[in-house]
Amino acid sequence: SMLSGHPTPALTDIYEQTKLNGEEGPSLEGQKVRERHHILQSYHPLYSIVVAGFKYFGVSYEGAQSILEIVGVIAIAISISFFCVTIFGKASSAIILLVFGVIGLHGFSIHYVTPFHLSNACALISLGFLASNRKRRLIYSFIALFAAAAFHAVGIALAATILLAATLLN
């Protein structure tokens, strides 16, 4: 154990995988394989499809991530704005957006684009459509919920909760 000064096999294995000291660390190819696994094989299929689509058209994984971060921040801001304006009106939404636009809650703000946050953005869009008076609000809401479930596993729970609430309230 680490207490006795001798690392366990598991700690040794983790150390070997993560050290980046030139020759001693994992090979560049090993790092690329590990990153590819992280991006494409975790449960966030819609995010993975978008990243793989960029890769198909010649954009590197890093480039795809940069594009997604820019587009993601815009999409998250639009989803929050749409939800707030639909629920609270324009004046209250302006205040809410000004306050929360500058607050960086650790790991939970529009400044962090992850499949989790994109899933939440889709859920907010769905709720905004459900609360609106638009003709095809149920179709748009369902599409947003499908995207939420496809972005991240939490989206499945959000979609189920929103569908259950919409069913019970109607």
Side-chain angles (χ1 to χ4, degrees), residues 18 31-32 34-170:
T18 58
Q31 291 175 26
K32 287 181 180 180
R34 197 166 61 239
E35 185 61 24
R36 198 171 314 128
H37 168 79
H38 173 73
I39 291 174
L40 298 177
Q41 295 176 357
S42 299
Y43 181 82
H44 33 72
L46 185 55
Y47 191 83
S48 298
I49 288 169
V50 172
V51 170
F54 281 120
K55 183 68 175 166
Y56 178 79
F57 289 108
V59 179
S60 68
Y61 289 122
E62 295 82 7
Q65 180 65 31
S66 295
I67 292 168
L68 281 171
E69 284 180 8
I70 293 167
V71 173
V73 165
I74 294 168
I76 292 169
I78 288 171
S79 72
I80 294 169
S81 300
F82 176 65
F83 174 78
C84 287
V85 168
T86 304
I87 302 296
F88 305 115
K90 291 178 183 175
S92 297
S93 296
I95 295 168
I96 291 168
L97 294 172
L98 284 172
V99 170
F100 284 105
V102 295
I103 293 175
L105 303 173
H106 182 67
F108 292 97
S109 77
I110 69 167
H111 309 101
Y112 302 97
V113 179
T114 66
F116 172 82
H117 292 104
L118 294 172
S119 180
N120 283 303
C122 292
L124 285 175
I125 289 170
S126 173
L127 288 170
F129 277 120
L130 286 175
S132 73
N133 293 328
R134 299 175 193 269
K135 282 185 179 180
R136 297 193 171 127
R137 67 190 183 111
L138 294 178
I139 293 170
Y140 297 143
S141 180
F142 182 76
I143 291 169
L145 287 179
F146 179 79
F151 263 122
H152 193 275
V154 75
I156 297 169
L158 289 170
T161 303
I162 292 168
L163 288 172
L164 179 65
T167 303
L168 293 175
L169 293 174
N170 282 328

### Query
To the nearest 0.5 Å, how far apart are CG in Leu124 and SG in Cys84?
8.0 Å
## Note on the structure
Heavy atoms of Phe82 and Ile125 approach each other most closely as CE2-O, 3.6 Å
## Note on the structure
Value for CG (Leu97) from CD1 (Ile80), rounded to nearest 0.5 Å, stands at 7.5 Å
### Query
Taking all atoms of both residues into account, what is the closest heavy-atom pair of Ile87 and Ala131, and its distance?
CD1-CB, 3.4 Å
### Query
To the nearest 0.5 Å, what is the distance between CZ (Phe88) and CZ (Phe83)?
5.5 Å
#### Entry: Test side-chain contact (heavy atoms from CB on, under 4.5 Å) applied to Val71 and Val73, Ile74, Ile67, the passing residue
Ile67
## Note on the structure
To the nearest 0.5 Å, atom CG of Leu118 lies from atom CG of Leu46 at 8.5 Å
### Summary
Correct closest heavy-atom pair for Gln65 and Val113 would be NE2-O, 4.1 Å
#### Entry: Whether His152 and Phe116 hold their rings parallel, tilted or perpendicular, with breakpoints at 30° and 60°
perpendicular
### Query
Roughly how far apart are Ser119 OG and Tyr47 OH, rounded to 0.5 Å?
13.0 Å
### Task
For Thr114, enumerate each residue passing the side-chain hydrogen bond (donor to acceptor under 3.5 Å, both in side chains) test, keeping only those at least two apart in sequence or located in another chain.
His117
### Query
Quick one: CZ on Phe129 to OG1 on Thr86, what's the gap to the nearest 0.5 Å?
8.0 Å
Pair up each side-chain donor or acceptor in residues 134-146 with any protein partner under 3.5 Å, not counting sequence neighbours, and list the distances.
{"unit_1": "Arg137", "atom_1": "NH1", "unit_2": "Leu130", "atom_2": "O", "d": "2.3"}
{"unit_1": "Ser141", "atom_1": "OG", "unit_2": "Ser126", "atom_2": "O", "d": "3.3"}
{"unit_1": "Ser141", "atom_1": "OG", "unit_2": "Ser126", "atom_2": "OG", "d": "2.6"}

